[in-house]
Enquirer: 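Here it is, the structure in full.
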Amino acid sequence: MSNLNERISFMLASEKAVVRNVVMHAIKSAQTEDLSSESLAQKLGRDLSKLIKEASNETSVN
Amino acid sequence: MRLQSIELKNFRQFYGKQTLEFAGASMQDETNVTVIYGDNGRGKTGLFRALMFALFGERVLDQDKNYDQADSFDAKRLYLVNLVALEEDGRQGTEAYVKVRFAHDNMQYEMTRKLYGILSDDGIVNEEDAGLCLYIKDVTGNTKVLDHDCADDINALIAQILDRRVKDYFLFDGERIERLTKATTIQRKEIARGIKSLLRIDELFKAEEAVKLLDAKITKELEKVSTGEYRKKLQMRDELLQSEVTLENDLTQKEDERETAEEHLRLIDHELDRFKDKVTLLEKRKTLENRLETLRQHGNLLKHRMVEGLSFGGLVLSRDLLTQLYVEIDFKREKGQVPSDLKRELIDRLLNEMKCLCGRPIRMNSPEYHLLKAWETQVPTQQTQQAIMGLFGDLGASQEAAKNGQDVIMEVLRQVGTVDAESDQIRQELAEFAEELDGLPDSDFSGINKARATIQASIASLDHEVSVQGSELEAVRDQLAAVDRQLGPLERESKQHLELSYQRQVVAEAKQTFKTLIKRFTDEMRAQLEEKASHNMAKMLDSQGRGVLRAVKLDEQYTLEVLDWRDREFLANVSAGQRQIVSLSFILALAQVAGGAASLEIPLFMDTPFGRLSPEHRDNLLSYIPQVTPQWIMLATATEFTEKESRFLKDSGKWGRVYYLDSKVAGQTVAKEMSVESFRGLQKEGVTRG
């Protein structure tokens, strides 16, 4: 799984930090949580603000 | 994961407690091949089942499910508790368990799963789980024990070591290998699903689906709280998103319908083939019936000829007498007695006149007189002589006729014999055809052909709909992209609900990114699979195969193809052995790509691997597989793993252990370890020659 995620991370390298965060978070949640797509969407919705904030912090640090 | 040992007690064919240890149990081991021998039904596959039962609690293997008869397999009738032990213990019940010891990431594990079997009075076997336990020991020697109460934790831990969804890929058997290259449309879909699961692509699709749903949800929320042009555009976006989902679903449904229709078409063609086969039988039967009728008519003709031949019967029967008569007359004829040079009429005149031809008188009782009297009795009259000569001629002709008659009768009898023999053979064949034709389907050609035409029309119609809906979907996506471009400035102008607006933008972008990411990732996975499978194939093919086959190719549905050196699709032309190598190369590649390494991370079980392979293929397999797997557990029969293979494997230096699954009594398998060094193959009774 780690190899796969590393490869995906590499593929997302050129994307904006916030988009990268959302995509990776969605993938990791799908990998680790035994949830339906609907439940996964709700979880992503709940985590979205936090993901945007983290990306904003990353960008400002960089 | 390094498998160290497996201990079975009363599990499947294994009676009592049996333990098998595996070569390559640690990374330091130089050997990594374990050969497990046994005739069919001795429990070779049962060992892999035991491993899967211990780790996942699963009773059923993928191999148990026959794809053509998916409904025919009844898991409830698959008993795990040894039936001999169960019969012995009766209603008291029998405990069975599988204990697996393995190492992973510098940790030692011992996983035990038990079950209990009871035999009811009416002979029904009832089995129930009787607990599980996992010992974990780290490098410092600390031990942790998880028992039945921690089943969820145990399952989660095992899942991290070996994903349940990929487990079946590590038991290679002939059926699985065949299935990869001969799959039907529906099976191909199932295989593609398995591959996506193994490569974890299905998780990408699931994540993408979740992001799409979130996009629609945020758009709706924003629409509710917005006003003016901005709201109108959001409404439009919402409608377009709904159209996109509807069209995508419709498209998937149509594609599914098309696949189902194609499968029906395949089944109908199969049915027609079967029918064609029957028709061929019917045609053969008709030909035979016609032949039988011809023979019958010929037989009748022969009967007439026999009756005609009977007119010669008297002649034929008296042929010897006739010959005797003919010979006697011929003898007299030869002697000049018939016809005689003396004329009876002259003798009669000389006797009447009692005077010789010279005029001299003939006296009574003189020698001349007695000579004439003797001639008088010997020489028949002219009339009689003519009759005798006539009879001689007739006898000659009758003899010839008798010979011809005999020849005719003999020929007729010979022909009757031939006709009878052929008729009997045809009757026998017709009886066999009758049995075969019993299963002739009621449907007629016309009905089946009509159904076929309907399905073909349906496929054409579905193709058209898929094409139209595909274009509509593209148009909707273009409109969505246009609306998204228009929304940006409107969002900035409206300054409404900035946070929610930003979330919508981020999620919309994430959705687009997923589309590109999945395409790129799957293309890369396919390229990797192709490269590794081609490499594996080159390593395992014999020299002749390598001269023809260049690469393994996968289409977007992960359907397997093989290219020759002119890049032509060549799978349909390869031999059964080459097909097996192609499939095996692909399965190895799948495990290599999924494991993310050149070698596999999991022990590889291979059930009767040499079935259709040439000697060179076998040798290649024996030298290559140990290089790409940490442990190779080969389940083989004595007929396919002979002294030659054992010598070759011994020379590789990779062969560590060999077990013989002995069974003197049905249902009581005992695993006997033997010496690799002295192993030279098995005699029929399972004794080593060394």
Side-chain angles (χ1 to χ4, degrees), chain A, chain B residues 152 155-156 159-161 163-166 198-218 220-221 245 498-525 528 592-597 601:
Chain A
M1 196 189 294
S2 58
N3 286 333
L4 180 139
N5 290 358
E6 279 169 24
R7 187 74 204 129
I8 289 173
S9 253
F10 178 77
M11 287 180 178
L12 292 172
S14 59
E15 299 291 335
K16 284 195 288 194
V18 65
V19 173
R20 199 168 57 230
N21 274 7
V22 171
V23 171
M24 278 314 293
H25 184 73
I27 291 170
K28 283 179 183 171
S29 300
Q31 287 168 344
T32 54
E33 314 259 346
D34 190 16
L35 297 172
S36 67
S37 300
E38 287 77 14
S39 303
L40 202 58
Q42 284 172 10
K43 182 186 179 325
L44 274 179
R46 287 194 297 273
D47 298 343
L48 197 54
S49 300
K50 193 181 86 181
L51 291 167
I52 290 171
K53 198 174 174 186
E54 281 172 4
S56 166
N57 290 341
E58 276 176 43
T59 313
S60 58
V61 168
N62 291 335
Chain B
D152 289 344
N155 291 336
Q160 281 178 15
I161 297 166
D163 192 315
R164 179 185 284 263
R165 295 174 304 178
V166 307
L198 186 63
L199 300 176
R200 315 194 76 119
I201 296 170
D202 57 341
E203 289 164 348
L204 296 188
F205 282 110
K206 193 174 170 185
E208 184 197 27
E209 181 63 22
V211 167
K212 277 184 187 174
L213 290 168
L214 183 61
D215 184 22
K217 185 170 166 275
I218 294 175
K220 264 194 188 310
E221 279 178 26
V245 170
L498 287 175
E499 191 185 344
L500 201 55
S501 297
Y502 184 59
Q503 284 185 356
R504 191 206 61 75
Q505 286 175 36
V506 168
V507 172
E509 274 185 63
K511 188 181 133 189
Q512 286 302 318
T513 303
F514 256 114
K515 197 173 296 207
T516 325
L517 176 75
I518 288 174
K519 170 88 174 69
R520 212 175 137 191
F521 185 76
T522 50
D523 285 351
E524 199 170 279
M525 285 288 117
Q528 276 187 41
Q592 288 166 325
V593 172
E601 289 181 332

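These numbers come from a predicted model, not from an experiment. These numbers come from the heavy atoms of this one structure, side chains and all, not from hydrogens, waters or symmetry mates. Residue numbers start from 1 in every chain, and the chains themselves are labelled A, B, ... in the order their sequence lines are given, proteins ahead of strands.
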Enquirer: Between A:Leu51 and chain B, with a heavy-atom cut-off of 4.5 Å, which part of the residue counts as in contact: side chain, backbone, both or neither?
Expert: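 The answer is neither part of A:Leu51.
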Enquirer: If you take all heavy atoms of B:Ala210 and A:Leu44, which pair is closest and at what distance?
Expert: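 In this case the closest contact between B:Ala210 and A:Leu44 is CB-CD1, 4.1 Å.
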Enquirer: Measure the CD-NZ distance between A:Glu38 and B:Lys217 for me, rounded to the nearest 0.5 Å.
Expert: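 Between A:Glu38 CD and B:Lys217 NZ, I get 12.0 Å after rounding to 0.5 Å.
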Enquirer: Any side-chain heavy atom of B:Phe514 within less than 4.5 Å of one from A:Ile27?
Expert: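 Yes, at least one pair of side-chain atoms sits under 4.5 Å.
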Enquirer: Pick one of side chain, backbone, both or neither for B:Gln512, based on which atoms fall under 4.5 Å of a heavy atom in chain A.
Expert: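 Neither part.
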Enquirer: Checking heavy atoms, do the side chain of A:Ser36, its backbone, both or neither come under 4.5 Å from chain B?
Expert: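 Just its backbone gets close to chain B.
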Enquirer: How many angstroms lie between CZ in B:Arg520 and CE in A:Met11, if you round to the nearest 0.5 Å?
Expert: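 It is 5.0 Å, given to the nearest 0.5 Å.
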Enquirer: Nearest 0.5 Å please: distance from the OH atom of B:Tyr502 over to the CD1 atom of A:Ile52.
Expert: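 Interatomic distance, B:Tyr502 OH to A:Ile52 CD1, rounded to 0.5 Å: 6.0 Å.
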Enquirer: Near A:Lys28 NZ, under 6.0 Å, is it more than 12 heavy atoms from other residues, nucleotides or ligands?
Expert: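 Counting other residues, nucleotides and ligands, NZ of A:Lys28 stays at 12 neighbours or fewer.
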Enquirer: Tell me if a side-chain donor or acceptor on B:Lys206 pairs with a main-chain N or O of A:Leu35 at a distance below 3.5 Å.
Expert: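 Here the side-chain-to-backbone pair exists.
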Enquirer: What residue, out of B:Val211, B:Leu213, B:Thr516, B:Ile218, has the most heavy-atom pairs lying under 4.5 Å from chain A?
Expert: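 The answer is B:Leu213.
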Enquirer: At a heavy-atom distance under 4.5 Å, which candidate from B:Glu509, B:Gln503, B:Glu209 has the highest pair count against chain A?
Expert: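 That would be B:Gln503.
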Enquirer: Between B:Thr513, B:Val507, B:Leu204, B:Val506, which has the largest tally of heavy atom pairs under 4.5 Å with chain A?
Expert: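 Among B:Thr513, B:Val507, B:Leu204, B:Val506, the one with the most close pairs to chain A is B:Thr513.
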Enquirer: Are any non-hydrogen side-chain atoms of A:Val22 and B:Leu214 less than 4.5 angstrom apart?
Expert: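 A side-chain contact under 4.5 Å is absent here.
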Enquirer: Quick check on A:Lys53: does its NZ atom have over 12 non-hydrogen neighbours (other residues, nucleotides or ligands) under 6.0 Å away?
Expert: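 No.
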Enquirer: Which bit of A:Lys16 is near chain B, if near means a heavy-atom gap under 4.5 Å: side chain, backbone, both or neither?
Expert: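 For A:Lys16, the contact with chain B is made by the side chain alone.
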